[in-house]
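The structure that follows is given in the form of structure tokens.
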Amino acid sequence: MKNHVRVRYAPSPTGYPHVGNIRTALFNWLFARHHGGSFIVRIEDTDVARGVEGAVEAILDGLKWLGMDWDEGPGVGGSYGPYYQSQRLDKYRASAERLIAQGNAYYCYCSPERLEQMRAEQIRRKQPPGYDRRCRDLSQSEIAGCRLENKNPVVRFKFPTEGKTTFTDMVRGEVTFENARIDDFVLMKSDGYPTYHLASVVDDHLMEISHVLRAEEWLSSAPRHLQLYQALGFEPPRFAHLPMLLGTDRSKLSKRHGAVSITEYKEQGYLPEAMVNFLALLGWSLDDKTEIMSRQELIENFSLERVSKTAAIFNREKLEWMNGVYIRKLSPEDFIKRATPFLEEGLPEEVPLSDDYVRRIMPLIQERARTLAEIPGLTDFFFTKKLEYETELLVGKKMDRESAGRALSLSLEKLKPLEPFDENSLEALLRPLAMELGLKTGQLFGTLRVAVTGRTVAPPLFQTMAVLGKERCLGRIREAITSLNRV
RNA sequence: GCCCCCAUCGUCUAGAGGCCCAGGACACCGGCCUUUCAAGCCGGCAACAGCGAUUCGAAUUCGCUUGGGGGCGCCA
């Protein structure tokens, strides 16, 4: 398998790019890159009814955002195209016809209504639902009769009724199914489109896919696929069924668990490299301690042997932590670059962002941000003209309005002539001032912090004041004094 | 109901018979640092689902039970 690794990510454009699917894509991508193989994207748009406008773009954008480049597929072409199943209908049709000719498939004229009734009855009698094979062995005259009633039959696969289907899954080992339990599933729908089963088998063969890495929900379909490969005379790929991603309640990850579209994570200010690292660790691990790994390290170390069998719960808290780790690792320049769109988006009013001002603010919050989206909330006081806060916040522990007012007034006087208005001189001035006022440094600084930022939690005071500049600081202190005097 | 898969701290996981009275990380709780917050550092809490069997010895092997998940569509 050294040089012939060809894997695919085959999403169907029926909705947003789900993180579970993206995780599957990532494992495929890592596997391909690790082995120097090819990563192929194929769009499985065979469900005309459920197709969603813009879904393909969203999916591809998600891959691009995370840096998963594909060697063949939409936009890049390749010699196994087309890469949209809707453009490969002739191939599926040909295979279906061959299977019919070989006696491995047959037309089924049963109406959806009948099938539904049959299923309901089976369930009522506590039997496993499944096609009863009514059309499997129709005589010529019966077929003629059916044709009159139903002009658009489906094609079903004649699944073996005895024996077993066994295969070796690369993560789960040997898995065996009893053929008798599996019914004659549909290959071609009445609208002329193939079902997933037929289309994926035909395409995986035609595109010379060597390994199929997909989520565990497909495990029970594997015997169908294996039997199809056999009937078509194709050599099957190797299968690896990856552990599922679950929500916090242990059920299949879905919308009600919060953000499930990769797009949302981008919008919420997660870094793609953090996302990739985090997703890689959901069902795979390097060893007993390594967690922070670059894309390159992931590629170098990824292997199916280390993929776990157990479903994993998507743990937002850990992702947040990891995102913080990656934010802190960013160079100041890079941080500013990535933060800017969020600042522009998140700061509503006036604020023409001055590059220089932003450049001086950002270092103050880089190690405090866990996502890019929280940056506006962390820095808005740098931009707001008028601070809004409870006057009482100015009064620190064991202080009263009077002492707070006195502290601010004296600070104001001392600050007026201060030059330069930078971190060091501010500290040199303010520390002794606390003693002079008979306050603890924490009390003075706390009061000033509120006066100058409007909040009790902010970046370090002196740096913050220096960045705000003398004019803003003095103005805000004056306003604080005024509001203390009011009442 | 039937079939398949899975089972270590709340969560992600390490562990492929003795190195494990189970290691790391997130979260949580203390402490240190400190002008708040964050970061950092130190420490703590916390798990082998149960029962049998194999073995000198089992989280690791086997069986059963229980629990969880997935599948059973003219959806993928």
Side-chain angles (χ1 to χ4, degrees), chain A residues 10-14 21 44-47 49-50 108 110-112 115-116 119 122-131 152-156 169 171-172 175-178 180-183 185-191 193-197 199-200 215-223 241 243-244 246 248 250-252 278 281-292 306 308-322 324-325 328 365-370 378 396 427 430-431 434 440-450 453 455-462:
Chain A
S12 85
T14 50
N21 290 101
E44 310 223 317
D45 53 350
T46 57
D47 187 339
R50 294 202 313 163
C108 167
C110 295
S111 69
L115 295 175
E116 199 175 315
R119 223 168 275 127
Q122 287 164 332
I123 289 168
R124 197 185 63 73
R125 288 160 54 190
K126 297 205 189 291
Q127 289 177 342
Y131 182 58
N152 299 308
V154 302
V155 176
R156 284 183 186 272
D169 186 278
V171 345
R172 272 147 231 284
V175 184
T176 301
F177 293 82
E178 202 121 4
R181 308 272 174 214
I182 298 166
D183 72 349
F185 57 97
V186 174
L187 297 174
M188 294 290 289
K189 308 179 230 180
S190 55
D191 63 2
Y193 279 73
T195 59
Y196 167 82
H197 303 298
S200 73
E216 194 196 332
E217 53 189 320
W218 293 107
L219 190 54
S220 34
S221 299
H241 289 91
M244 304 256 312
L246 272 25
T248 41
R250 298 210 147 273
S251 68
K252 204 167 166 177
F278 178 73
L281 257 15
L282 248 30
W284 176 83
S285 65
L286 173 57
D287 55 28
D288 57 343
K289 44 194 56 136
T290 316
E291 296 208 292
I292 303 297
R306 296 201 59 86
S308 84
K309 304 188 210 320
T310 328
I313 290 173
F314 190 91
N315 181 194
R316 290 288 292 253
E317 283 171 340
K318 189 152 185 171
L319 170 60
E320 272 209 10
W321 163 77
M322 192 173 279
V325 170
R328 275 172 252 131
I365 53 108
Q366 181 165 0
E367 73 172 25
R368 271 160 262 263
R370 290 166 82 84
L378 250 22
E427 177 154 19
L430 262 13
R431 272 194 196 281
K440 293 197 167 156
T441 50
Q443 294 177 301
L444 202 222
F445 298 168
T447 296
L448 278 171
R449 178 175 297 108
V450 173
T453 68
R455 52 177 75 183
T456 54
V457 173
L461 183 62
F462 311 129

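So you know, we letter chains A, B, ... as the sequences are listed, proteins then strands, and number each from 1.
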Rounded to whole angstroms, how far apart are CH2 on A:W284 and C1' on B:rA14?
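After rounding, the reported distance stands at 13 Å.
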Atom NZ of A:K289 to atom P of B:rG15: distance rounded to whole Å?
12 Å
When we call it a touch if two heavy atoms are under 4.0 Å apart, what does A:R172 touch: a base, just sugar-phosphate, or nothing?
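Here A:R172 touches the backbone only, sparing every base.
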Nucleotide paired to B:rU35 in any strand shown, Watson-Crick or G-U, under 3.5 Å:
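Base partner found: none.
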Please work out if A:E217 contacts a base, only the sugar-phosphate, or nothing of the nucleic acid, heavy-atom cut-off 4.0 Å.
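Since only primed, P, OP1 and OP2 atoms lie under 4.0 Å of A:E217, the category is sugar-phosphate.
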Atom-to-atom span, CD1 of A:I365 to P of B:rU36 - whole angstrom:
20 Å
Pick base, sugar-phosphate or nothing for A:S285, based on heavy-atom distances below 4.0 Å to the nucleic acid.
sugar-phosphate
Counting any heavy atom closer than 4.0 Å, what does A:V175 reach on the DNA or RNA strands: base, sugar-phosphate only, or nothing?
sugar-phosphate
Once hydrogens and angles are ignored, does a donor-acceptor distance under 3.5 Å link the base of B:rC4 to the side chain of A:S220?
no
Watson-Crick or G-U counterpart of B:rC72, or none if no pair lies under 3.5 Å:
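Because both required distances fall under 3.5 Å, B:rC72 counts as paired with B:rG1.
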A:R455 and A:L378: which non-hydrogen atoms are nearest, and at how many Å?
NH1-O, 3.9 Å
Hey, does A:K318 reach any base, or is it just sugar-phosphate, or nothing, if we go heavy atoms under 4.0 Å?
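Base contact.
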Counting the atoms with a prime plus P, OP1 and OP2 as sugar-phosphate, which does A:R125 contact under 4.0 Å by heavy atoms, base, sugar-phosphate, or nothing?
nothing
Is the shortest side-chain N/O distance from A:R370 to OP1 or OP2 of B:rC26 below 4.0 Å?
no
Roughly, in whole Å, what's the span from CD1 in A:I123 to P in B:rC2?
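The distance from CD1 of A:I123 to P of B:rC2 comes to 14 Å, rounded to the nearest Å.
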Any-strand Watson-Crick or G-U partner of B:rC28, both distances under 3.5 Å:
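Paired with B:rG44.
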Can you figure out which of B:rU35, B:rC74, B:rG69 approaches the side chain of A:R449 most closely?
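Nearest nucleotide to the side chain: B:rU35.
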Do the non-hydrogen side-chain atoms of A:S12 and A:D47 ever get within less than 4.5 Å of each other?
no
Phosphate-side-chain proximity, A:R119 and B:rC72, N/O vs OP1/OP2 below 4.0 Å:
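It does not, given that no N or O in the side chain of A:R119 lies less than 4.0 Å from OP1 or OP2 of B:rC72.
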B:rC9 - base-pair partner by Watson-Crick or wobble geometry, distances under 3.5 Å
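The answer is none; no pair meets the criterion.
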Give A:L461 one of three labels, base, sugar-phosphate or nothing, depending on what nucleic acid heavy atoms sit under 4.0 Å from its own.
base
Does B:rU11 have OP1 or OP2 sitting under 4.0 Å from an N or O in the side chain of A:R250?
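Yes, because at least one side-chain N or O of A:R250 sits under 4.0 Å from OP1 or OP2 of B:rU11.
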Under 4.0 Å, counting only non-hydrogen atoms across every strand here, what does A:P13 touch: a base, just sugar-phosphate, or nothing?
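No contact.
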May I have the distance from A:D288 (atom CG) to B:rA47 (atom P), rounded to whole angstrom?
20 Å
Mind listing the closest non-hydrogen atom pair of A:P194 and A:K189 along with its distance?
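That closest heavy-atom pairing would be O-CE, 3.2 Å.
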Could you tell me whether A:S12 contacts a base, only the sugar-phosphate backbone, or nothing, with contacts defined as non-hydrogen atoms closer than 4.0 Å?
sugar-phosphate
If each of A:M244 and A:V186 is mapped to the nucleotide of RNA chain B with the nearest heavy atom, which maps nearer the 5' terminus, i.e. the 5' end?
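So the residue in question is A:M244.
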Residue A:K440 excluded, over 12 heavy atoms near NZ under 6.0 Å
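Not buried by this count: 12 neighbours or fewer within 6.0 Å.
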For the student: nearest non-hydrogen atoms of A:E44 and A:P13, plus distance:
O-CD, 3.6 Å
Is A:F462 touching bases, backbone alone, or none of the nucleic acid, heavy atoms closer than 4.0 Å?
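A:F462: base contact, heavy atoms under 4.0 Å.
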Under 4.0 Å, heavy atoms only, any strand: does A:P459 hit a base, just the sugar-phosphate, or nothing?
base
Mind calculating the distance between CG (A:L378) and P (B:rU36) to the nearest angstrom?
17 Å
Would you indicate, yes or no, if B:rC75 has its OP1 or OP2 atom less than 4.0 angstrom from a side-chain nitrogen or oxygen of A:K189?
yes
Roughly, in whole Å, what's the span from CG in A:D47 to C1' in B:rG73?
11 Å
Which part of the nucleic acid does A:S200 contact within heavy-atom distance under 4.0 Å: base, sugar-phosphate only, or nothing?
nothing
Considering every strand and a 4.0 Å limit on heavy-atom distances, what is the contact class for A:T46: base, sugar-phosphate, or nothing?
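Sugar-phosphate, backbone atoms only, no base.
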Is A:R306 touching bases, backbone alone, or none of the nucleic acid, heavy atoms closer than 4.0 Å?
sugar-phosphate
From NZ of A:K309 across to P of B:rG70 the rounded distance in Å is 19 Å
Out of B:rC75, B:rG1, B:rC37, which has the shortest distance to the side chain of A:V457?
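So the side chain of A:V457 is nearest to B:rC37.
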Got a sec: does the CD of A:Q127 have more than 12 other heavy atoms crowding it under 6.0 Å?
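Counting other residues, nucleotides and ligands, CD of A:Q127 exceeds 12 neighbours.
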For B:rC2, does the base pair up with any side-chain atom of A:R181 as donor and acceptor (N or O, under 3.5 Å, distance only)?
no
Taking the side chain of A:R368 as heavy atoms from C-beta outward, which of B:rU36, B:rU13, B:rC12 is closest to it?
B:rU36
Once you apply the 3.5 Å cut-off to both distances, tell me the Watson-Crick or G-U wobble partner of B:rG57, or none.
none
